[in-house]
Amino acid sequence: MTSSHDALDSLDQRSVYAAPPFFGSAGAGNNRPIGVFDSGLGGLTVARCIATSLPHESIYYVGDTKRCPYGVRSEEEVRSFVMQAGRWLAERDIKIMVIACNTATAAGLRIAQQLLPVPVIGVIAPGARAAINSTRTRKVGVLATSLTVRSGAYMRAIQDLDAGVDVYGCPAPSFVEIVERELATGAHLQERWLQNGDIFDTQENRIEVERTLAPIVNGGAHVDTVVLGCTHFPLLAGPIRHALGPEVRVVSSAEETTRELRDILERREQLADAGNEPQHRFATTSDNIAEFAAAGSFIFGQPLKSIEHISLDELKSI
Ligand code: DGL
């Protein structure tokens, strides 16, 4: 039996459905949680990296699954979703917020930084740094949702670091839905998780990924680095690597974002105490908590023990 199977088997449904009181009196000071926000499950790729690299930190994750995907919406709409989730998290005494979604970062990072009472970081500047640190030819592809590509946020972030880098945006409007769809059928995929960690590397997905990447693969761009500008996309890394071939490096923002987070907390002397018992709590707008738990545990790499439901009415009323 692999650990993912054990993790799913050991999900305690009572704790999933009835989240225990959280943080309680330990909510004060440096042991307050880091708020992490995404449109759904993709941000758990970032939350996992944070949990692994900063093992004493508590995390409060919000996934707006019901309104996912964000990438096909207008900037204005996504901006309002970012502010709703940001206010909800700020009310829960987080010490910093990570927008673990490129689309939400592109649309709402500035306004969140301006209006929320806590510091907020996004994933685009870290993703840009990861690309700059990787490229040798100074030609970089950005694979992202339509909104992120359209916003030009990656282009600006990369060229702020090196104005001589050519940036080729490649919208991948179908990828988020592929990932969310595969994860939604998670219960049926459990057996395959046992046999094959890369459940997304199927023939069907390879065809769709190749079709989407054709403009940067065949269009004469000659990129040597592609940044996964969507936190869902690391889950499609298998087919993406296959389409790009061995010469192209694939980077994502999770590690760089975690590094930036650690630097900020360290310099502000806000790292959690070494003896802190971290708590990981999750909230979702999905009506199907069991599905969120199964898919989320797979991405997070450990069981999501505490999940609560947030209604859209609640989010909109804050
Ligand atoms: N995970 C989000 C991102 O990083 C996008 C998913 C969506 O379209 O909602 O861009």
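Numbering starts at 1 and runs along the sequence shown. Below, each value reflects all heavy atoms present in this structure, side chains not excepted, and no hydrogens, waters or symmetry copies. We count ligands from 1, going down the list as the structure has it; atoms in each ligand are counted the same way.
- We find the CD1-CZ distance between I264 and R262 to be 12.0 Å, quoted to the nearest 0.5 Å.
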Check ligand 1 for close polar pairs with the protein: N or O on both sides, less than 3.5 Å.
residue: ligand 1; atom: 1 (N); partner: D38; partner atom: OD1; Å: 3.2
residue: ligand 1; atom: 1 (N); partner: T231; partner atom: OG1; Å: 2.9
residue: ligand 1; atom: 1 (N); partner: H232; partner atom: ND1; Å: 2.8
residue: ligand 1; atom: 4 (O); partner: N102; partner atom: N; Å: 2.8
residue: ligand 1; atom: 4 (O); partner: N102; partner atom: ND2; Å: 3.1
residue: ligand 1; atom: 4 (O); partner: T231; partner atom: N; Å: 2.7
residue: ligand 1; atom: 4 (O); partner: T231; partner atom: OG1; Å: 3.2
residue: ligand 1; atom: 8 (O); partner: Y70; partner atom: N; Å: 3.2
residue: ligand 1; atom: 8 (O); partner: G71; partner atom: N; Å: 2.8
residue: ligand 1; atom: 9 (O); partner: S39; partner atom: OG; Å: 2.6
residue: ligand 1; atom: 9 (O); partner: Y70; partner atom: N; Å: 2.5
residue: ligand 1; atom: 10 (O); partner: N102; partner atom: N; Å: 3.4
residue: ligand 1; atom: 10 (O); partner: T103; partner atom: N; Å: 3.0
residue: ligand 1; atom: 10 (O); partner: T103; partner atom: OG1; Å: 2.6

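- The neighbour count for H56 NE2, taken as heavy atoms of other residues, nucleotides or ligands under 6.0 Å away, is above 12.
- Side-chain contact between L244 and V217 is present, with at least one heavy-atom pair separated by less than 4.5 Å.
- More than 12 heavy atoms of other residues, nucleotides or ligands lie within 6.0 Å of CD in E91, so this atom counts as buried by the packing criterion.
- Residue pairs meeting the salt bridge (charged side-chain N to carboxylate O under 4.0 Å, His left out) criterion with at least one member in residues 34-57, sequence neighbours excluded: E57-K95.
- Cation-pi contact between R281 and Y61: absent, since separation from the ring centre below 6.0 Å together with deviation from the ring axis within 45° is not met.
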